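Only a predicted model underlies this, so the values are computations on that prediction, with no experimental measurement involved.
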Amino acid sequence: MNTRMLLLAASVGFLAGCPDDDTHSNNDSPPASPPVQTDAAKQYEVTVTNLTVSQPLSPLAILTHSSNYQLFQVGQPASIALEKVAESGDNTDLLAEKDSNDNVTMSYSGAGVILPGSADSLTFEIADDSTSQLSIASMLVNTNDGFVGETGIDLSTIAVGESYTMNMPVWDAGTEANSETSASIPGPAAGGEGFNAARDDDDKVSFHPGVVSLDDGLTTSALTASHRFLNPGAKFSITRIK
């Protein structure tokens, strides 16, 4: 019995002193590589071309947002931020919706006034398809409250290298009567007042009927026949570059 106990004890001691193959293998294996980080942001370039003859466009206001946001709705009142764009070309309040509206993720301003026949382009990124809609607006500055604009353009289905182009009609914000007087046109044709909080039109966004002008019999108009425009007022194009 004693001999068996001694042999058993010796065997246990021998096994305890041997290395564990599994443990040894785990300790010596190289550490796991960290997961590869990929940049999922999609990059786009937007270009707006002014198609009018004598209507400069104010600096662009571009917003990226979710499907819960609308810049405007035909037949409904314009927001104050859009009214300021349409009456004075001031895009400050509209761009600030990035900070005041949870549905708006980013906002971008164009480089400056887009003269007739000219274009402005800018590049931006979208990291999340849930906020891959785009809205854009710019004033025809020789009008009372005319603007080109689009809302809810879905960018999520545009593949890398693909482009999307559309004509932009001219809208009437419905916030200021189309009097065409020198006191109410802020552009170079008159140099009058820009934004005015009082709304003296039908207070709903609609298709712009065009300007009448002095040449066509509106005796109080500061505009001439050259300031008339045909739709579309601008061309919008977007290309996904990444």
Side-chain angles (χ1 to χ4, degrees), residues 38-48 57-110 120-140 145-160 162-176 195 197 199 201-208 231-242:
T38 58
D39 183 5
K42 298 177 181 179
Q43 192 173 69
Y44 302 87
E45 182 182 55
V46 165
T47 300
V48 173
L57 297 177
S58 67
L60 300 172
I62 296 178
L63 307 178
T64 59
H65 54 83
S66 73
S67 59
N68 295 322
Y69 176 86
Q70 280 189 305
L71 175 58
F72 64 93
Q73 189 173 357
V74 177
Q76 298 297 318
S79 66
I80 294 176
L82 180 58
E83 179 184 6
K84 288 184 177 181
V85 171
E87 290 185 12
S88 68
D90 182 3
N91 62 15
T92 305
D93 284 9
L94 194 55
L95 298 176
E97 292 196 357
K98 172 178 70 70
D99 301 314
S100 62
N101 190 318
D102 291 340
N103 294 308
V104 177
T105 51
M106 295 299 294
S107 62
Y108 306 89
S109 178
D120 188 21
S121 298
L122 60 88
T123 302
F124 62 92
E125 290 188 345
I126 294 178
D128 186 350
D129 277 349
S130 67
T131 56
S132 63
Q133 296 204 6
L134 179 143
S135 293
I136 184 170
S138 173
M139 179 192 185
L140 278 70
D145 59 347
F147 70 99
V148 290
E150 295 294 334
T151 189
I153 301 172
D154 186 2
L155 309 182
S156 63
T157 59
I158 302 177
V160 175
E162 285 188 344
S163 296
Y164 173 71
T165 300
M166 65 185 299
N167 289 325
M168 303 179 73
V170 181
W171 302 103
D172 189 323
T175 58
E176 183 175 292
F195 170 69
R199 297 193 175 190
D201 204 354
D202 59 3
D203 199 20
K204 60 183 179 182
V205 177
S206 60
F207 196 72
H208 202 293
N231 276 296
K235 181 176 72 174
F236 167 90
S237 63
I238 185 162
T239 301
R240 183 177 167 191
I241 55 181
K242 187 176 77 171

Pairing residues for R199 by the salt bridge (charged side-chain N to carboxylate O under 4.0 Å, His left out) criterion, not counting sequence neighbours: E83, D203
Salt bridge (charged side-chain N to carboxylate O under 4.0 Å, His left out) pairs, two or more places apart, involving residues 90-107: K84-D93
Sidechain-backbone polar pair: W171 side chain, G149 backbone, donor-acceptor under 3.5 Å: yes
Side chain proximity check, T175 to E87, heavy atoms < 4.5 angstrom: yes
Contact summary for T239 and S163, nearest pair of heavy atoms: OG1-OG, 2.6 Å
Interatomic distance, Y44 atom OH to K242 atom NZ [nearest 0.5 angstrom]: 11.5 Å
Aromatic plane relationship, F147 with F72 - under 30° parallel, 30 to 60° tilted, over 60° perpendicular: perpendicular
N101 backbone acceptor or donor facing Y69 side chain under 3.5 Å: no
Minimum-distance pair of heavy atoms, taken over all atoms of S132 and I126: CA-CD1, 3.9 Å
Could you pull out every donor-acceptor pair under 3.5 Å between side chains of residues 58-68 and any protein atom, sequence neighbours left out?
unit_1: S58; atom_1: OG; unit_2: M139; atom_2: N; d: 2.8
unit_1: T64; atom_1: OG1; unit_2: T105; atom_2: OG1; d: 2.9
unit_1: T64; atom_1: OG1; unit_2: M106; atom_2: N; d: 3.3
unit_1: H65; atom_1: NE2; unit_2: S135; atom_2: OG; d: 2.7
unit_1: S66; atom_1: OG; unit_2: N68; atom_2: N; d: 3.3
unit_1: S66; atom_1: OG; unit_2: N103; atom_2: OD1; d: 3.3

Interatomic spacing from CD1 in I158 to CD1 in I241 - rounded to 0.5 Å: 12.0 Å
4.5 Å side-chain heavy-atom contact, E150 and P169: yes
N231 side chain near F207 side chain, heavy-atom distance below 4.5 Å: yes
Test item: Y108 and V46 side chains (from C-beta on) under 4.5 Å apart, heavy atoms: no
Distance (rounded to the nearest 0.5 Å) between S79 OG and Q70 CD: 11.5 Å
pair D120-L57: side-chain heavy atoms closer than 4.5 Å: no
Non-hydrogen side-chain atoms of V160 and R240 separated by less than 4.5 Å: yes
Crowding at CD1, I80 (>12 non-hydrogen neighbours, <6.0 Å): no
Derivation and outcome, side-chain contact (heavy atoms from CB on, under 4.5 Å), residues M166 and I153: CA-CA 11 Å; M166 65 185 299; I153 301 172; 4.0 Å; yes
Student check: side-chain heavy atoms of I136 and M168 closer than 4.5 Å: yes
Pair S121, T47: side-chain N/O donor-acceptor within cut-off below 3.5 Å: yes
Side-chain donor or acceptor of D172 paired with backbone N/O of S206 under 3.5 Å: no
Distance-only polar pair, side chains of N91 and S109, donor-acceptor under 3.5 Å: yes
N/O donor-acceptor pair under 3.5 Å between D145 side chain and E176 backbone: yes
